Amino acid sequence: MAQADTESRSLARAALSLRCLPFRRRFYEAVGEEPLSSTELVRRAEGPPPFTFLPLSGDRTEDHFLWLIRLGVLRREVDGQGLTERVRLTPMGRQVLRHWPGEIPRAGRRERILEALRRHRPRL
């Protein structure tokens, strides 16, 4: 029972983070099919951003990737040389996306602020 409770809390935390982050559902679907790096994402975002709600720098994108990796939504791609800069969607990430049939609903300002505090000051 404790494992199921922990899993449901992990899924709820990941779902809230997805609502607070600037990535569109199309991004998560893309990394579900093929690995993508932060550099590739920024390069693809020229013009209207197909994967994000707002333009992001490579460093900011990488920060978001690291957070999603910590949550268990993304993982680093592995090749013959070891870990790469590319990420892929995890089974947990696929499970979280099942919550929404369409675009991921955006969190309100208050939720985004609280999530940023939890992310950057986890002991608060």
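The model shown is predicted, which means the values in this text are computed figures rather than measured ones.
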Cluster link Val73 to Leu16, ILVMFWY, side chain under 4.5 Å: no
Distance under 6.0 Å and angle within 45° of ring axis: Arg24 vs Phe51: no
Presence of salt bridge, Glu103 and Arg25, under 4.0 angstrom: no
Stepwise side-chain contact (heavy atoms from CB on, under 4.5 Å) check, Leu11 with Arg98: CA-CA 11 Å; Leu11 289 171; Arg98 286 189 207 123; over 6 Å; no
Single-linkage hydrophobic cluster Leu18~Ile69, side-chain heavy atoms < 4.5 angstrom: yes
Within one Ile-Leu-Val-Met-Phe-Trp-Tyr cluster: Met92 and Leu68, side-chain cutoff 4.5 Å: yes
Nearest heavy-atom neighbours spanning Ser57 and Val42: C-CG2, 3.7 Å
Residue pair Arg119 / Asp63, side-chain heavy-atom distance below 4.5 Å: yes
Check: Gly32 main-chain N/O paired with Arg94 side-chain donor or acceptor under 3.5 Å: yes
Salt-bridge present (Arg86, Glu34; N to O < 4.0 Å): no
Arg110 and Leu114: CA distance, side-chain angles, deciding distance, side-chain contact (heavy atoms from CB on, under 4.5 Å) verdict: CA-CA 6 Å; Arg110 182 178 184 276; Leu114 290 173; 3.5 Å; yes
From Ser10 atom OG to Gln95 atom CD, the distance as rounded to the nearest 0.5 Å: 10.0 Å
Trace of the side-chain contact (heavy atoms from CB on, under 4.5 Å) decision for Leu74 with Arg88: CA-CA 5 Å; Leu74 297 180; Arg88 289 186 82 76; over 6 Å; no
Taking every non-hydrogen atom, the tightest pair across Leu71 and Ala14: CD1-CA, 4.4 Å
Neighbour count above 12 (heavy atom, 6.0 Å) for Asp79 CG: yes
For Phe65 against Ser38, the heavy-atom pair lying closest together: CE2-N, 3.4 Å
Residue pair Glu77, Thr84: steps toward the side-chain contact (heavy atoms from CB on, under 4.5 Å) verdict: CA-CA 6 Å; Glu77 179 70 6; Thr84 69; 3.3 Å; yes
Pairwise distance OH(Tyr28) to CG(Leu97) - rounded to 0.5 angstrom: 7.5 Å
Flag side-chain contact, heavy atom, 4.5 Å: Arg112 against Leu117: no
Rounded distance (nearest 0.5 Å) linking atom OG of Ser17 with atom CZ of Phe23: 11.5 Å
With Phe27, the side-chain contact (heavy atoms from CB on, under 4.5 Å) member among Ile104, Leu21, Leu41, Thr52: Leu41
Contact check, side chains of Glu62 and Leu66, non-hydrogen atoms, under 4.5 Å: yes
Identified side-chain contact (heavy atoms from CB on, under 4.5 Å) partner of Arg19 from the options Glu111, Glu115, Arg106: Glu111
Any donor-acceptor pair under 3.5 Å from Glu40 side chain to Ser37 backbone: yes
